[in-house]
Amino acid sequence: MAETGVHPLPPMPTARSPLARAEQFVRLTARVLDQHLFAYHFRDGDPAPVQTALDAYRNPDGGYGHALEPLLRGPDSRVPHTAHALRVLDAVGRCDGPRIEHTCRYLTSVSTPDGALPASARPAPGAPGALTATGPVVGLLHRNRVWHAWLFRATEFCWRRSESPQNVDPYEIQAAVAFLDSAPDRRRAEATADRLGRLLREHRLAVLDPDDRDTAPPAPGERRRLLPHEYARVPGSYARAWFTDAEMARSLDVLAAAQEEDGGWPVPLAGPPSVVLESRPAAAISALRTLRAYGRPIG
């Protein structure tokens with residue numbers, strides 16, 4: 001038989017550690033931004049390529065679009081895209097300067113009359129503000145010592161909704177924690193978090209026994225139930241005090257065991273396969289960061 005010059009690729013070595021398996025998954029599936037993020041978090045990568053990749057999603061109005069949040073398509077600036085961008089900048093220590101001032105102007109332009117961000121990516125006129133959209137953004141900006149006129153009203157909104165939540169559901173409490181962990185009034189934040197922890201226990205909003213997930217109610221419109229580590233992503237979170245060491249250990253066991261055969265983690269999305277695939281590298285990075293924060297070996 002004539003030599004064709006085409007040879008099969010050698011088999012890829014089996015990656016053993018969670019980190020190595022995830023790295024292989026990210027290299028094969030992730031967008032440029034997520035590849036640079038993985039390198040930054042786990043391979044001593046430089047933050048500059050992360051910011052350069054993120055700039056491709058930035059719009060002249062200071063917001064972000066272009067499917068940065070994979071579930072939302074199209075180029076227009078949206079709050080979920082912009083919140084995603086802020087999380088990236090926070091993660092690499094670049095959440096400051098004129099860029100953030102411009103982004104805060106965008107947030108001002110889309111906020112509700114009470115200073116909050118709307119829950120819907122495409123809100124109707126007069127749509128109410130939501131803690132789930134506002135709390136994580138305001139907490140992140142406070143953590144980075146950002147000061148902007150919009151933050152005063154948005155912060156007061158977060159205090160009101162955290163101290164008297166309108167909806168006792170997991171995502172509302174999750175958003176309150178994201179705000180309280182970096183809120184400027186630490187004594188008030190600690191007291192509020194303590195009340196929310198008691199509320200969470202009373203309403204059984206966390207899965208404390210992963211073998212019996214039906215004991216916790218789902219979030220409205222969702223079948224998913226939240227585990228302790230999903231409230232307390234890092235040991236320094238106020239939400240960490242809501243759970244015993246054994247409860248948190250079981251939660252982290254579930255997170256570690258959720259790594260799939262391809263090296264990635266699942267995402268709780270109902271969407272086209274392309275959207276799910278684009279979302280999974282970020283989920284892998286988040287899972288590895290949480291496991292590492294709690295001292296779990298990742299390789």
Side-chain angles (χ1 to χ4, degrees), residues 57-65 68-69 72 76-91 94-196 199 219-221 231 233 237-239:
Y57 299 91
R58 191 165 178 255
N59 286 321
D61 61 4
Y64 289 77
L68 177 55
E69 191 65 37
L72 299 174
D76 295 342
S77 295
R78 302 291 181 194
V79 170
H81 296 312
T82 305
H84 188 138
L86 288 172
R87 291 194 300 272
V88 170
L89 293 170
D90 174 54
R94 297 292 180 93
C95 197
D96 57 12
R99 173 190 308 272
I100 298 302
E101 172 74 22
H102 198 193
T103 298
C104 285
R105 288 203 295 270
Y106 164 75
L107 295 174
T108 303
S109 73
V110 297
S111 64
T112 60
D114 54 5
L117 297 174
S120 172
R122 296 178 177 83
L131 183 61
T132 50
T134 313
V137 169
V138 173
L140 183 154
L141 293 175
H142 279 306
R143 181 164 60 253
N144 287 276
R145 301 181 184 278
V146 173
W147 291 103
H148 186 272
W150 172 73
L151 270 175
F152 290 98
R153 288 191 304 147
T155 299
E156 283 308 308
F157 171 85
C158 290
W159 278 124
R160 290 195 305 272
R161 292 291 292 270
S162 297
E163 292 174 328
S164 301
Q166 292 186 351
N167 300 305
V168 183
D169 73 72
Y171 292 112
E172 186 99 350
I173 292 182
Q174 193 181 47
V177 171
F179 164 67
L180 295 170
D181 279 345
S182 300
D185 187 336
R186 306 310 296 148
R187 182 174 297 179
R188 184 179 179 184
E190 184 176 2
T192 303
D194 184 63
R195 288 195 295 273
L196 288 177
L199 193 66
Y231 292 103
R233 290 286 182 182
S237 171
Y238 281 129

Under 3.5 Å, side chain of S237 to main-chain N/O of R233, donor-acceptor pair present?
-> no

Would a distance-only check, ignoring hydrogens and angles, find a side-chain to backbone donor-acceptor pair under 3.5 Å from T155 to F152?
-> no

Can you find a pair of side-chain heavy atoms, one from L107 and one from H148, that are under 4.5 Å apart?
-> no

N-O pairing of R78 and D76 below 4.0 Å = yes

What distance separates R161 CZ from T132 OG1, expressed to the nearest 0.5 Å?
-> 8.0 Å

Please examine the side chains of Y64 and L86, heavy atoms only from C-beta on, and report whether any two atoms are closer than 4.5 Å.
-> no

Examine distances only and state if a side-chain atom of S77 and a backbone atom of G65 form a donor-acceptor pair shorter than 3.5 Å.
-> no

Interatomic distance, C104 atom SG to W147 atom CH2 [nearest 0.5 angstrom] = 11.5 Å

To the nearest 0.5 Å, what is the distance between CZ (R58) and OG1 (T82)?
-> 10.5 Å

Please report the shortest heavy-atom distance between H142 and S182, naming the atom on each side.
-> CB-O, 3.3 Å

Mark yes or no for whether N144, through its side chain, and V146, through its backbone, hold a donor-acceptor pair below 3.5 Å.
-> no

Main-chain N/O of A183 paired with R186 side-chain donor or acceptor, under 3.5 Å = yes

Out of curiosity, Y106 OH to N59 CG, how far, rounded to the nearest 0.5 Å?
-> 8.5 Å

Validation row: R87, H84 side chains within 4.5 angstrom (heavy atoms) | yes

Identify the heavy atoms of A176 and S162 that sit nearest to each other, and give their distance.
-> CB-OG, 3.6 Å

How many angstroms lie between CG in L180 and CG in D194, if you round to the nearest 0.5 Å?
-> 11.5 Å

Determine the minimum heavy-atom distance between R188 and E163, stating which atoms define it.
-> NE-OE2, 2.8 Å

For T134 and A130, which heavy atoms make the closest approach, and how far apart are they?
-> OG1-O, 2.7 Å

Is the backbone N or O of S164 less than 3.5 Å from a side-chain atom of R195, with the two atoms forming a donor-acceptor pair by type?
-> no

If you look at every heavy atom in D90 and R143, which pair is closest and at what distance?
-> OD2-NH2, 2.9 Å

Does any N or O in the side chain of D169 come within less than 3.5 Å of the main-chain N or O of Y171, such that one atom is a donor and the other an acceptor?
-> yes

Return yes if some donor-acceptor pair links the side-chain N/O of H102 with the main-chain N/O of P60 below 3.5 Å, else return no.
-> yes

Within-4.5 Å side-chain heavy-atom neighbours: V168 and E172 | no

Between P118 and A133, the two heavy atoms sitting closest are O-CB, 3.4 Å

Does a side-chain heavy-atom distance below 4.5 Å link C95 with L140?
-> yes

Distance-only, no hydrogens or angles: does the W150 side chain make a donor-acceptor pair with backbone N or O of G115 under 3.5 Å?
-> yes

Measure the CD1-CG distance between I100 and L141 for me, rounded to the nearest 0.5 Å.
-> 7.0 Å

Verify, without hydrogens or angle tests, whether T103 (side chain) and G62 (backbone) share a donor-acceptor contact under 3.5 angstrom.
-> yes

Determine whether T192 and W159 make a side-chain contact, defined as any pair of heavy atoms from C-beta on separated by less than 4.5 Å.
-> yes

Are any of the side-chain heavy atoms of L199 and P165 separated by less than 4.5 Å?
-> yes

